[in-house]
> 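Before we start, here is the structure in question, set down as structure tokens.
Just so it is clear, the values below take in all heavy atoms, side chains as well, and ignore hydrogens, waters and symmetry mates.
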Amino acid sequence: MSDRSVGGGPEIDSLDEFDAIIAAGHSIRGAVIQSVDLRERATILSSVAVHGAMFFGCWLPVAAEATLRRRGAVIFPRLADLPFNPYRPQLYTASDLYEGLIRGGDYGDCMDAQVYQWLQKHRNDPPVR
């Protein structure tokens, strides 16, 4: 967890960090929450201050999303069609990128190859507006 988030609150990168902040009686107002599975935290999300909180690629209770937005949170949805997580809170390691090779597989099975293939396929796509 870091206190240098975009929204002025903490950066939350795990469910344990989220739970610790809530247990300490703090809100998540202005927090940046990245890739955390919050589907089992619907009750907490409905009662804690969320104004200015940003949820990047989090798993959220479906019924809570509209309410969170109305209460001032910003939600960047998970992007399931990508071969990588753009909201990952840390860089991918060499082991992450080349796991298939490390286990004796082919380069084409590695995340590095899959990301490269995706980039080549989409490099000329028009920008999303």
Side-chain angles (χ1 to χ4, degrees):
M1 180 173 59
S2 166
D3 287 327
R4 296 167 296 173
S5 80
V6 175
E11 286 186 19
I12 302 170
D13 301 331
S14 72
L15 189 58
D16 288 339
E17 290 175 351
F18 178 86
D19 289 342
I21 286 171
I22 299 303
H26 300 294
S27 75
I28 55 171
R29 190 177 175 94
V32 172
I33 305 152
Q34 303 175 124
S35 299
V36 178
D37 187 346
L38 297 168
R39 290 175 289 191
E40 301 296 319
R41 301 299 188 272
T43 303
I44 292 168
L45 290 170
S46 69
S47 62
V48 68
V50 297
H51 186 78
M54 291 183 259
F55 295 86
F56 289 93
C58 292
W59 293 265
L60 296 167
V62 174
E65 288 187 31
T67 303
L68 289 168
R69 284 188 178 101
R70 276 194 307 274
R71 294 174 50 220
V74 178
I75 300 171
F76 292 81
R78 296 191 54 74
L79 303 171
D81 294 336
L82 299 177
F84 58 93
N85 178 359
Y87 306 125
R88 185 180 166 108
Q90 67 276 349
L91 295 175
Y92 284 100
T93 65
S95 295
D96 295 329
L97 295 172
Y98 300 105
E99 183 176 355
L101 280 177
I102 293 169
R103 288 194 264 150
D106 295 326
Y107 173 73
D109 297 328
C110 294
M111 181 180 200
D112 183 69
Q114 293 166 8
V115 171
Y116 180 75
Q117 289 168 1
W118 180 88
L119 177 63
Q120 293 305 307
K121 180 179 177 182
H122 297 284
R123 70 183 312 150
N124 294 317
D125 290 355
V128 177
R129 295 186 191 253

> Before giving the answer on side-chain contact (heavy atoms from CB on, under 4.5 Å), spell out for Leu101 and Asp112 the whole-Å C-alpha distance, their side-chain angles and the decisive distance to 0.1 Å.
CA-CA 10 Å; Leu101 280 177; Asp112 183 69; over 6 Å; no
> If the condition is side chain to side chain donor-acceptor pair (under 3.5 Å), which residues does Asp109 pass it with, not counting sequence neighbours?
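Partners of Asp109 by the side chain to side chain donor-acceptor pair (under 3.5 Å) criterion come out as none, since no residue qualifies.
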> To check you understand the geometry: which heavy-atom pair defines the closest contact between Arg29 and His51, and what is its length?
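Heavy-atom minimum between the residues: CG-O, 3.1 Å.
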> Rounded at 0.5 Å granularity, tell me how far OG in Ser47 sits from CZ in Arg41.
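Between atom OG of Ser47 and atom CZ of Arg41 there are 12.0 Å.
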> Decide yes or no on side-chain contact (heavy atoms from CB on, under 4.5 Å) for Ile102 and Ser95, but give the supporting numbers first.
CA-CA 8 Å; Ile102 293 169; Ser95 295; 4.1 Å; yes
> Working to the nearest 0.5 angstrom, can you tell me the gap between Ile12 CD1 and Phe56 CZ?
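Separation between the atoms: 12.5 Å.
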> Counting neighbours of CD on Glu40 that are heavy atoms of other residues, nucleotides or ligands and sit closer than 6.0 Å, is the number greater than 12?
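It does not: Glu40 CD has 12 such atoms or fewer within range.
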> Run the side-chain contact (heavy atoms from CB on, under 4.5 Å) check on Asp13 and Gln90 step by step: do they pass?
CA-CA 9 Å; Asp13 301 331; Gln90 67 276 349; 5.6 Å; no
> So which atom in Glu17 and which in Glu11 form the shortest heavy-atom distance, rounded to 0.1 Å?
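Smallest heavy-atom distance, with atoms named: OE1-O, 3.9 Å.
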> Has Tyr87 got a side-chain atom pairing as donor or acceptor with Phe55's backbone, closer than 3.5 angstrom?
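Judged by distance alone, no pair lies under 3.5 Å.
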> If Ile, Leu, Val, Met, Phe, Trp and Tyr residues are connected whenever their side-chain heavy atoms lie under 4.5 Å apart, and connections chain through other members, are Trp118 and Tyr98 in the same group?
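As far as the 4.5 Å side-chain criterion goes, Tyr98 and Trp118 are connected within one cluster.
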> Using 0.5 Å steps for rounding, measure from the CG atom of Leu45 to the OG1 atom of Thr67.
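Here the rounded value is 10.0 Å.
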> Tell me the salt bridge (Lys or Arg N to Asp or Glu O under 4.0 Å) pairs involving residues 81-91, sequence neighbours left out?
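Residue pairs with at least one partner in residues 81-91: Arg88-Asp96.
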> Applying ring-ring contact (aromatic ring centres under 6.0 Å, His included), name anything that partners Tyr107, two or more places apart in sequence or on another chain.
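Testing Tyr107 for ring-ring contact (aromatic ring centres under 6.0 Å, His included), a comparison that skips the adjacent residues, returns none.
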> Please round to the nearest 0.5 Å and tell me the distance separating atom CZ of Phe18 and atom NE2 of His26.
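So the CZ of Phe18 and the NE2 of His26 are separated by 13.0 Å.
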> Between CD1 of Ile21 and OG of Ser27, what distance do you get to the nearest 0.5 Å?
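Reported value, rounded in 0.5 Å steps: 9.0 Å.
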> Between Glu99 and Met111, is a side-chain contact (heavy atoms from CB on, under 4.5 Å) present by the stated rule, with each step listed?
CA-CA 8 Å; Glu99 183 176 355; Met111 181 180 200; over 6 Å; no
> Between Ile75 and Glu65, what is the shortest heavy-atom contact and its length?
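Minimum heavy-atom separation between Ile75 and Glu65: CD1-O, 3.6 Å.
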> Same cluster or not: are Trp59 and Leu38 linked, directly or through other Ile, Leu, Val, Met, Phe, Trp or Tyr residues, by side-chain heavy atoms under 4.5 angstrom apart?
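No, because Trp59 and Leu38 fall into different hydrophobic clusters, even though each may have its own neighbours under 4.5 Å.
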> What distance separates Ile28 CD1 from Ile33 CD1, expressed to the nearest 0.5 Å?
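Result: 4.0 Å between the selected atoms.
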> For Asn85, does its backbone N or O pair with a side-chain atom of Arg78 as donor and acceptor, under 3.5 Å?
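Checking the backbone N and O of Asn85 against the side chain of Arg78, no donor-acceptor pair under 3.5 Å is found.
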